[in-house]
Amino acid sequence: MSNHSDLIILGGGCAGLSLGMNLANYGEASLRTLILEGRQEYTNDRTWCFWGGFGSGSEKLATHRWESFSIATAKDRITRSCKENPYLMVASKDFYQAAVGVIDKSSRINLKMESIVSGEVLKRGGLWHVETPMGVYTAPQIVDTRPKVPHFGHFEPLLWQSFLGEEITTEEEIFDPGCAELMDFSGSSSERILFLYVLPFSKKKALVEATVFGPEPLKAEDLEESFGVLVKQRLQGSPYSSGRKEHGILPMGAPPENRQTDPSYVRAGLMAGGARPSSGYAFQRIWKWSQECAIVLAKGRPPISHPQDPTIIRTMDALFLHVLYSRPELAPDLFFSLFSKVDPVRVARFMSDRASLADCLTIMASLPPVPFLSELAKTVGLSYGNRTKRGKKEKGA
Ligand SMILES: Cc1cc2nc3c(=O)[nH]c(=O)nc-3n(C[C@H](O)[C@H](O)[C@H](O)COP(=O)(O)OP(=O)(O)OC[C@H]3O[C@@H](n4cnc5c(N)ncnc54)[C@H](O)[C@@H]3O)c2cc1C
């Protein structure tokens, strides 16, 4: 096989494989693409959820759907129906399997596992040179989906979403398999935004996750104690057995503006604008980006990165994050207010980057104005959820 391609994708995770699948749709007309992935093999390492009902091609991969969801605080609980936009789940093993299947069938897309990209990717003679232990690969265009790219500097969002999840099986019938428990803040405190997230697969089996929104990313071991406490509380001490675990750290904030001047090299994925700043959700945004990127590449144009969100969404997300950052004790009531007062169809559209102006205004009206106005007053020239511009020190200032 030649070491030269039309395009190299660095990283074959959600973003790299999504782009590979969408490029494969062009058959023989597709660019000759090489995906370099560091892992030896794909495992069932994560569970992707998103609001469905918008006709996205990725919805086909969903294995679970919930047509209602609940939100709880220490004093209130609400269950809402979301039939129109069910909450869908894709197991990463199914996604990886589907992606590898599509890519294997394509004569134009090549996925190379165990190919850890090392060193800086440099352009010489009009071609990018990518080094791996297996050799040097060249292409005129690069899409870099690696979460950490040393020479691109460090992205420190305002908040991190850290979570530890486990599939558990209970002895008693405890869960309602029709209802996703999105946020249960019963264990939250005034200093820490902590909630339990439960995806029930049956009355006795669920994925349960302890999630923290905070200024520092947390390792799995940092979350174990909270996980134990929240699960015990949810199950009221009923015994359970543990299965597969997953841990995630997602940015909540927007990455610094891409200063890359060469349009033939773009970054994409979770740490490059793939994650929605106010929620950390990235799966659907990455899928949508991969479709759009494949279209422009097929037209012979340079690859694109994630588009900027509309100004109103950026402003709302930034304000929301700043309120969570400076007033974490308000989080349970803010989320409860949002989900209980606003029609779930509007919330689903808002969280899926499809909000109308009316959706945005309804959501704003559902939230208590005082903390938002006071944040707004503090923030002439509000940074978009990036801590480097509005430093930690301001918290106590
Ligand atoms: C446990 C978990 C649960 C999540 N749940 C949700 C959810 O419910 N909904 C949602 O919308 N989002 C969710 N996310 C967020 C987001 O959708 C995922 O993180 C998604 O996988 C991001 O895709 P990505 O391609 O940017 O990163 P990844 O999928 O992590 O892919 C990056 C790839 O690059 C490879 N790589 C890294 N460095 C190198 C190198 N030097 N050389 C070669 N390859 C390299 C990695 O091996 C990896 O395969 C979750 C994330 C996690 C971790």
Side-chain angles (χ1 to χ4, degrees), residues 8-21 34-52 56 58 61-62 64 66 87-93 95-96 99-100 111-121 130-134 137 142-152 155 160-167 180 182 197 199 207 209-211 217-220 223 244-252 255 267-290 293 305-306 351-353:
I8 301 179
I9 301 173
L10 310 184
C14 179
L17 292 177
S18 297
L19 183 55
M21 275 197 273
L34 174 64
I35 306 173
L36 294 171
E37 167 54 40
R39 309 180 219 196
Q40 279 185 343
E41 58 172 357
Y42 291 109
T43 57
N44 198 19
D45 59 350
R46 58 199 70 185
T47 306
W48 285 299
C49 283
F50 54 92
W51 300 95
S56 163
S58 59
L61 294 171
H64 280 86
W66 293 272
Y87 196 60
L88 302 181
M89 185 196 106
V90 172
S92 61
K93 69 173 173 28
F95 173 84
Y96 297 139
V100 171
L111 168 64
K112 256 187 164 311
M113 303 297 286
E114 295 184 66
S115 302
I116 298 176
V117 176
S118 53
E120 203 166 327
V121 178
V130 183
E131 267 178 53
T132 74
M134 270 114 116
Y137 299 93
I142 299 279
V143 174
D144 191 346
T145 75
R146 292 172 297 165
K148 284 189 194 140
V149 182
H151 53 283
F152 271 93
F155 163 35
W160 293 97
Q161 178 175 161
S162 311
F163 50 93
L164 175 64
E166 196 171 295
E167 284 181 9
L182 289 192
Y197 171 76
L199 298 177
L207 172 66
E209 289 188 355
T211 305
L218 301 178
K219 298 192 197 101
L223 290 158
R244 189 186 69 83
K245 283 189 179 171
E246 65 180 58
H247 167 246
I249 297 174
L250 313 182
M252 294 178 80
R267 286 195 64 204
L270 186 73
M271 299 301 282
R276 173 76 178 267
S278 59
S279 68
Y281 274 32
F283 182 74
Q284 282 295 68
R285 279 164 75 95
I286 287 175
W287 180 259
K288 191 157 175 270
W289 156 80
S290 70
C293 189
S305 189
H306 296 277
M351 297 186 82
S352 310
D353 300 339

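Each ligand, and each atom within it, is numbered from 1 in the order the structure gives. Count residues from 1 along the sequence.
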Pair E246-R46, salt bridge (charged side-chain N to carboxylate O under 4.0 Å, His left out): steps then yes or no: CA-CA 6 Å; E246 65 180 58; R46 58 199 70 185; over 6 Å; no
Rounded distance (nearest 0.5 Å) linking atom CE of M113 with atom CD of E37: 5.0 Å
Per-atom contacts of ligand 1 with A282, taking only distances under 4.0 Å to non-hydrogen atoms: 10 (C), 11 (O), 12 (N), 16 (C), 17 (O)
Minimum-distance protein heavy atom relative to atom 25 (O) of ligand 1: A15 N, 2.7 Å
Y281 and S352: CA distance, side-chain angles, deciding distance, side-chain contact (heavy atoms from CB on, under 4.5 Å) verdict: CA-CA 9 Å; Y281 274 32; S352 310; over 6 Å; no
Parallel, tilted or perpendicular, as decided by the 30° and 60° cut-offs, for the rings of W66 and Y87: tilted
Any donor-acceptor N/O pair, H64 side chain to C49 backbone, under 3.5 Å: no
Closest approach of any protein heavy atom to atom 41 (N) of ligand 1, naming residue and atom: V117 O, 3.1 Å
Of the listed options W51, Y87, Y96, W48, closest to atom 6 (C) of ligand 1 (non-hydrogen atoms): W48
Enumerated ligand 1 atoms positioned under 4.0 Å from heavy atoms of L36: 43 (C), 44 (N)
Separation between CG of L36 and CD1 of I116, rounded to the nearest 0.5 Å: 11.0 Å
Any donor-acceptor N/O pair, Q284 side chain to F50 backbone, under 3.5 Å: no
Identity and distance of the protein heavy atom lying nearest atom 8 (O) of ligand 1: C49 N, 2.7 Å
Any donor-acceptor pair under 3.5 Å from S115 side chain to T132 backbone: no
Flag, side chain of R285 to backbone of G273, donor-acceptor distance under 3.5 Å: yes
Ligand-residue contact atoms, ligand 1 with R39, heavy atoms, under 4.0 Å: 47 (O), 48 (C), 49 (O)
Side chain proximity check, L111 to L17, heavy atoms < 4.5 angstrom: yes
Ligand-side contact atoms (ligand 1) for residue partner P147, heavy atom cut-off under 4.0 Å: 37 (C)
A268-ligand 1 polar pair, N/O distance under 3.5 Å: no
Numbering as shown, the atoms of ligand 1 that approach H247 to under 4.0 Å (heavy-atom distance): 1 (C), 53 (C)
Main-chain N/O of R146 paired to R267 side chain as donor or acceptor, under 3.5 Å: yes
Parallel, tilted or perpendicular: rings of W289 and H306 (30°, 60°): tilted
Proximity of F163 to ligand 1 by residue part, where a heavy atom lies under 4.0 Å: side chain
T145 (side chain) donor-acceptor with L10 (main chain) under 3.5 angstrom: yes
Taking atom 38 (N) of ligand 1 as the reference point, the nearest protein heavy atom with its distance: R146 CG, 3.6 Å
Qualifying residues under side chain to side chain donor-acceptor pair (under 3.5 Å), relative to S278, sequence neighbours excluded: D317
N/O separation below 3.5 Å, C14 to ligand 1: yes
Under-4.0 Å heavy-atom contact between protein and atom 27 (O) of ligand 1: no
Closest protein heavy atom to atom 51 (C) of ligand 1, given as residue, atom name and distance to 0.1 Å: L250 CD2, 3.6 Å
Nearest non-hydrogen protein atom, atom 44 (N) of ligand 1: G38 N, 3.1 Å
Point-to-point distance, once rounded to the nearest 0.5 Å, from CH2 of W48 to CE of M89: 11.0 Å
Ligand 1 contact by K148, heavy-atom criterion under 4.0 angstrom: no
Closest protein heavy atom to atom 22 (C) of ligand 1, given as residue, atom name and distance to 0.1 Å: I286 CD1, 3.7 Å
Partners meeting side chain to side chain donor-acceptor pair (under 3.5 Å) with T211 (sequence neighbours left out): none
Per-atom contacts, ligand 1 versus G269 - under 4.0 Å to a heavy atom: 26 (O)
Ligand-side contact atoms (ligand 1) for residue partner S115, heavy atom cut-off under 4.0 Å: 42 (N), 43 (C)
Residue selection (non-hydrogen contact nearest atom 1 (C) of ligand 1) among E37, R285, R46: R46
Closest protein heavy atom (residue, atom, distance) for atom 32 (C) of ligand 1: T145 O, 3.9 Å
Atoms in ligand 1 with a heavy atom of G248 nearer than 4.0 Å: 53 (C)
Within reach of ligand 1, part of T47 (heavy-atom separation under 4.0 Å): backbone
Nitrogen or oxygen atoms of F283 and ligand 1 under 3.5 Å apart: yes
Part of Q284 with heavy atoms under 4.0 Å of ligand 1, whether side chain, backbone, both or neither: neither
L270 N/O to ligand 1 N/O under 3.5 Å: yes
